[in-house]
Amino acid sequence: MLRRVFPRTGWEVGVIGLGTWGIGGQWGPVEKDDALRAIETAIDCGVNFIDTADAYGEPAGTSERLLAEVIRGRRDRLIIATKVGNFARRHGHPLPYTHWLHVDLCCDASLNRMKTDYIDLYQCHLPNCEDPTVFLEAFDRLIDAGKIRAFGISTDRLDVAELFDRDERCAAVQLEYSYLNRSAESALLPYCADRGIGTIIRGPLAKGVAAGKYTKDTVFTDDVRRHWNNGEARQVLHRQIETVERVATV
């Protein structure tokens with residue numbers, strides 16, 4: 001596995017990481033043994049960066065709990081990233097995040113679910129957060145307490161990234177990027193490169209579409225993609241599928 005130094009941290013991180021959104025069953029049923037085997041196989045193949053979130057899985061937190069079963073005994077060889085801000089949101093019960101203690105509480109919960117003493121990269125999971133004050137205060141306190149090592153933001157908005165890096169301490173921006181969606185090239189990727197901020201690519205296969213596994217007749221039943229079945233989202237999907245088909249014939 002090719003590794004690079006993750007900016008602002010000094011960590012040596014594999015260029016391919018493992019995202020764990022799907023293993024918790026939120027994209028459809030996943031057998032526990034299959035989920036654990038997927039994580040173990042990735043690590044055996046040299047993956048040392050694993051990304052998760054407190055909101056991932058059904059119920060929320062499932063992906064972190066599954067990860068705990070695999071990283072035991074391997075923790076010091078792995079860079080673990082998780083996120084805060086969306087726990088219970090899709091169930092209609094978002095936390096307010098009006099005080100740094102709300103973030104601290106979520107951090108403790110993630111630490112407990114993953115059975116670890118620290119989180120390497122803790123990311124705000126609110127892509128449209130226009131006032132990061134509560135999160136930045138919490139991140140500073142969590143770093144001082146040794147609960148996290150660095151912080152980042154998951155967003156596709158340049159202005160939000162700028163707010164989180166106002167003191168030039170944001171270690172990472174997690175952004176959507178694939179050959180079907182190259183919008184980050186216009187501003188966000190250059191900004192991160194100029195500032196020396198690490199980038200984590202979200203959706204490199206466009207939720208499966210870029211892999212060529214879906215057709216225009218595919219009907220989605222999972223919570224993540226069911227909105228693709230109708231309206232403008234369906235039209236966008238059809239255009240993306242046409243692009244994939246053209247790429248496949250080149």
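When reading the values below, keep in mind they use all heavy atoms of this one structure, side chains included, and skip hydrogens, waters and symmetry mates. For reference, positions follow the sequence shown, starting with 1.
- At least one side-chain heavy atom of R202 sits under 4.5 Å from a side-chain heavy atom of D156.
- Checked by atom type and distance alone, the side chain of N86 never pairs as donor or acceptor with a backbone atom of A55 at under 3.5 Å.
- Pairing each heavy atom of C106 with each of L95, the nearest pair is SG-CD1, 3.5 Å.
- You'll find the side chain of F135 reaches within 4.5 Å of the side chain of V103, heavy atoms only.
- Side-chain atoms of I119 and M114, non-hydrogen and from C-beta on, do get closer than 4.5 Å to each other.
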Run the salt bridge (Lys or Arg N to Asp or Glu O under 4.0 Å) test on R89 and D54 for me, step by step, so that the C-alpha distance in whole Å, both residues' side-chain angles and the decisive distance to 0.1 Å come before the verdict.
CA-CA 11 Å; R89 184 174 300 277; D54 60 5; over 6 Å; no
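- At least one donor-acceptor pair closer than 3.5 Å links the side chain of T155 to the backbone N or O of P127.
- Counting heavy-atom neighbours within 6.0 Å of R4 CZ, excluding the residue itself, gives a total of 12 or less.
- Nearest heavy-atom pair across E130 and L163 is O-CD1, 3.3 Å.
- At least one donor-acceptor pair closer than 3.5 Å links the side chain of D120 to the backbone N or O of I80.
- For R74, the CZ atom sits in a packed shell: over 12 heavy atoms of surrounding residues, nucleotides or ligands are nearer than 6.0 Å.
- Here SG of C107 is found 12.0 Å from CG of L101. Values are rounded to the nearest 0.5 Å.
- Between Q240 and N181, the side chains place no donor N or O within less than 3.5 Å of an acceptor N or O (distance only, hydrogens not considered).
- Within a 6.0 Å sphere centred on NE2 of H93, heavy atoms belonging to other residues, nucleotides or ligands number 12 at most.
- In this pair, H102 and Y97 present their aromatic rings perpendicular. The plane angle is above 60°, beyond the 30 to 60° band.
- The side-chain tip of R234 does not point at the ring of W228 from less than 6.0 angstrom away and within 45° of straight on.
- Classification of R37 and E31 as a salt-bridged pair fails, no side-chain N sitting under 4.0 Å from a carboxylate O.
- Using cut-offs of 30° and 60° for the angle between ring planes, the Y122 and F139 rings count as perpendicular.
- In this structure, T116 OG1 and L67 CG are separated by 9.0 Å, a value rounded to the nearest 0.5 Å.
- Atom CD1 of I79 sits about 8.0 Å away from atom CZ of F49, to the nearest 0.5 Å.
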Decide yes or no on salt bridge (Lys or Arg N to Asp or Glu O under 4.0 Å) for R8 and E168, but give the supporting numbers first.
CA-CA 9 Å; R8 298 188 178 182; E168 298 186 0; 5.3 Å; no
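- Environment of CD1 in I43: crowded, with over 12 heavy atoms of neighbouring residues, nucleotides or ligands closer than 6.0 Å.
- Summarising the local packing, CZ of R90 is surrounded by more than 12 heavy atoms from other residues, nucleotides or ligands at distances under 6.0 Å.
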Hey, can you pull the donor-acceptor pairs under 3.5 Å for the side chains in residues 203-215, sequence neighbours left out?
unit_1	atom_1	unit_2	atom_2	d
Y214	OH	R225	NH1	2.7
T215	OG1	D217	N	3.2

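- At least one side-chain heavy atom of I143 sits under 4.5 Å from a side-chain heavy atom of R169.
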Run the salt bridge (Lys or Arg N to Asp or Glu O under 4.0 Å) check on K83 and E64 step by step: do they pass?
CA-CA 10 Å; K83 308 180 196 73; E64 288 185 331; over 6 Å; no
So M1 and V47, side chain to side chain contact (heavy atoms under 4.5 Å, CB included) or not? Walk me through it.
CA-CA 7 Å; M1 171 70 73; V47 169; 3.8 Å; yes
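- Cluster membership for V173 and I201, using ILVMFWY side-chain heavy atoms within less than 4.5 angstrom, is shared.
- In terms of the side-chain hydrogen bond (donor to acceptor under 3.5 Å, both in side chains) criterion, T98 has no residue partners (sequence neighbours excluded).
- To the nearest 0.5 angstrom, D51 atom CG is 6.0 Å from I200 atom CD1.
- Contact between Y118 and D76 at its shortest, heavy atoms only, is OH-CA, 4.3 Å.
- Between R157 and E162, none of the side-chain N atoms (NZ, or NE/NH1/NH2) sits under 4.0 Å from a carboxylate O, so this pair counts as no salt bridge.
- A pairwise comparison of heavy atoms in A171 and T9 identifies CB-CG2, 4.0 Å as the closest pair.
- Distance CZ/R141 to CD1/I148: 13.0 Å, rounded to 0.5 Å.
- Using a 4.5 Å heavy-atom cutoff, the side chains of T243 and L180 are in contact.
- Taken from CG in L188 to CD1 in I197, the straight-line distance is 8.5 Å, to the nearest 0.5 Å.
- Side-chain contact between D108 and N112 is absent, with no heavy atoms from C-beta onward closer than 4.5 Å.
- Under the 4.5 Å side-chain criterion, counting only non-hydrogen atoms from C-beta, N48 is in contact with R3.
- Comment: E69 does not engage K115 in a salt bridge, judged by the lack of any side-chain N to carboxylate O separation of less than 4.0 angstrom.
- Across all their heavy atoms, I153 and C170 have their closest contact at CG2-SG, 4.0 Å.
- With respect to the salt-bridge test (charged N to carboxylate O, under 4.0 angstrom), the residues K147 and D117 do not qualify.
- The shortest distance between side-chain heavy atoms of P132 and R166 falls below 4.5 Å.
- H125 approaches A53 most closely through the heavy-atom pair CE1-CB, 3.7 Å.
- Residue-environment remark: CD (E40) exceeds the threshold of 12 foreign heavy atoms within 6.0 Å.
- When atom types are taken as modelled, the side chain of R195 and the backbone of D165 share a donor-acceptor pair closer than 3.5 angstrom.
- Under the 4.0 Å criterion applied to side-chain N and carboxylate O atoms, E245 and R239 are not assigned as salt-bridge partners.
- Membership of the apolar cluster around W21 extends to W27, Y56, V224, as traced through chained side-chain contacts below 4.5 Å between ILVMFWY residues.
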